[in-house]
Amino acid sequence: MKMDLFTWMTFLSLCAWCQCINEDFVVVTIATENNDGLRRYLRSTKKYGLNTEVYGLGEAWKGGDMQGQGGGHKVNLLRRELKKYKDRDDLIVMFTDSYDVVLTSGSEDILEKFRKLDARVVFSAEGFCWPDKQLADKYPEVKLHEKRFLNSGGFIGYAKDVYEVVSHGNIENTDDDQRFYTTIYLNVKLREKWSIKLDRRSEIFMNLHGALGDVMLKYKGAHSFLYNVKTGTVPIVIHGNGPIKPEFNRLANYLADSWTLGSGCLSCEEDTISLQGMKDEDHPLLMIGLFVERPMPFLREFFQHVSALDYPKSRISLYMHNSVELHQRELKSFLLKHGQEYESLHIINPSEQVSEVEARNAAIEKCIKKSCQYYLNIDGDVHLENSGGLKLLMQQNRSVLAPMISRYTKAWSNFWGAVSSTGFYARSEDYMDIVGRDKVGLWNVPYIGGVYLIQGHILPALKGAYTAPGLDPDMALCLNLRNQGRFMLVTNRDWYGHLIYYDEFETSHLHNELYEILRNPYDWEKRYIHTNYSQSLEKESKIEEPCPDVFWFPIVTEVFCDELVEEMEHYGGWSGGKNDDPRLAGGYENVPTDDIHMTQVGLQDDWLEFLKKYVAPLATRVFQGYFSNPPRAILNFIVKYHPERQRELRPHHDSSTFTINIALNRPHVDYQGGGCRFIRYNCSVTDTRKGWMMMHPGRLTHYHEGLPTTQGTRYIFVSFVDP
Ligand SMILES: *[C@@H]1O[C@H](CO)[C@@H](O)[C@H](O)[C@H]1NC(C)=O
Ligand SMILES: *[C@@H]1O[C@H](CO)[C@@H](O)[C@H](O)[C@H]1NC(C)=O
Ligand SMILES: *[C@@H]1O[C@H](CO)[C@@H](O)[C@H](O)[C@H]1NC(C)=O
């Protein structure tokens, strides 16, 4: 279309006219506190370009605790503030609550719907008659799916009429505002005088209490909205009234285009800060609180992750509460290595008998006293493997923020998507999507635990927050945060690490982690499986073959070798290499070694898992067409060679299809001599490698002997697979 000057001018003046219509609409709200809820509300009104006035900020709230009746203060504040509009017949005012409200569209939409309702004043409606049930019969009847009763959390109307309504008669600050408006509405004369209607079909206002089942989140491109499946409307003012704040918070994670199916998280980059290029000494002062409250596997790695966090240690004040004597070992070695580097240290040892709640509360106090700018809580089961994670959290700039972490490959995580009416865990519809990172973003949730970053400015409000009767400290903290209306956000925008599975952790051994292959497979692998293990599984890789059909693989770490040997020496029950062996079914061993069986130290099942997971794939790789799955092995044992005990082993076949033999220490260093000779090929492997495994057929072709150890002690690990 060609546009001539005249069309252009009409177009421009039309624009000016739209502008002027927009100016005739104002959204007003009451908020005495500038809290997370208000910020969320204002984000939405700003997003839709709504002219918004907040009344009462910074004033003392006199309307009660809002758990029951109250709120008259709101009416009185409106009376005071709306006076300036009392003669405006050309201005439309919309009042909404704010802490539990989000808007999902702009003025054009709102005004169009208002005009369609054909009233001077429209109140929002709900399904409960409150605060006075007795009045239910006085309300006009409604059609199926319509809401019959007035809710005072939202109304819209011509300024003049709205002012007259809020100014009608007296109301005390502590009186109930809903009762006030209800009385007016139920008075037919007044109702007609101001032409008051209820928004029964939720054209504009959606009160969610008792109506969560009426709505559905929907998306359209980069937009999200609530659809009322009962009335077919798309309401704009979404109100989490009554006791459904957690559910409302969950919906609000998506509303006002915060997160949409098509575009993901659209609010995540808002209000973020940057630490880039900041000098060490300029970093905010951070206190890290570490809490080990129960026996915890892989604590050595826990400390490694803490010390590896990318943040100047000179700006970290470290606070630690350890209640487990056993873990003093890992704690001490961590402090020896890194203790000096921190700005300050405060360690509470088990002997001090400080309870978990006391310690956690004291950490907050200490942080306040030090004027720290951030407090990071890390519990002993949290492995923050992403060393950049701490800065990512800080840069997100949210007052309480937890990185989402879960147990490896499990749905068990450090947040709840919902909370039951009794205050305990409940699963939300989107929980699995968040844990699985199918939906990525920032999520306002009712519970976080294990690891979270709190901005210093809210710490004073959290003094003693870990205390609540009958609740664990983490649940107490979250309850207090919820009651204070503070948002707890969890972010899964990045990967941060994982949680350790600590249930059933057995602490009767010297190296308890050796026993965790089934419960914490990921951590077990990281500590104990050779970094180059998987190279041997690649099709093109060349497998070393030091003697014919004797294959050689890196399989376990040196740490594994050391811990296993130490565990055996700690147990100490070496067999002495006698022919009579009560451990065997027949009671007799033809070619005895000086050994300890895995069954004796409770590692048999763990070892079978090791064979299945790590050894069987290698066997398949070198013995074409042989599938040992799962491998069977009755005899799995550590052999000890020593010049003054058993020094060698005479030639023999093994009772196995194939045998594995892992070197647990170093020739020429830990011992002299030793090795294995395959007689048919006159071929010996003497330069064995610690952590490497030999694999060879057990019978017929691989008649072999153990060569004499002439000095020191040689340890090997042997399994007879598929006997
Ligand atoms: C950080 O967040 C606060 C609100 O919590 C906000 O006032 C401030 O502007 C944010 N900082 C930046 C740089 O956006
Ligand atoms: C793993 O293999 C690489 C070469 O492929 C080698 O440089 C490295 O030292 C090996 N790692 C260990 C722990 O032996
Ligand atoms: C076996 O090998 C050794 C050295 O590798 C050699 O000295 C010896 O003669 C060989 N024995 C036989 C029987 O081939």
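Atoms within a ligand are numbered from 1 in the order they appear, just like the ligands themselves. Note that the structure is a prediction, hence the values are computed from the model and not measured.
For R689 and W552, the positive end sits near the middle of the six-membered ring, less than 6.0 Å away and at most 45° from its axis.
Residues satisfying the side chain to side chain donor-acceptor pair (under 3.5 Å) criterion with T104, sequence neighbours excluded, are absent altogether.
For N249 (side chain) and N444 (main-chain N/O), no donor-acceptor pair under 3.5 Å exists by modelled atom type.
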Give one line per pair: atom of ligand 1, protein atom, distance. Only N/O to N/O under 3.5 Å.
{"unit_1": "ligand 1", "atom_1": "2 (O)", "unit_2": "N397", "atom_2": "OD1", "d": "3.3"}
{"unit_1": "ligand 1", "atom_1": "2 (O)", "unit_2": "N397", "atom_2": "ND2", "d": "2.4"}
{"unit_1": "ligand 1", "atom_1": "11 (N)", "unit_2": "N397", "atom_2": "ND2", "d": "2.9"}
{"unit_1": "ligand 1", "atom_1": "14 (O)", "unit_2": "D271", "atom_2": "O", "d": "3.4"}

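For the residue pair Y533 / E525, no side-chain donor-acceptor distance below 3.5 Å is found, with atom types taken as modelled.
Considering only heavy atoms from C-beta on, M693 stays 4.5 Å or farther from V556 through its side chain.
In the displayed structure, K613 atom NZ is contacted under 6.0 Å by more than 12 heavy atoms of other residues, nucleotides or ligands.
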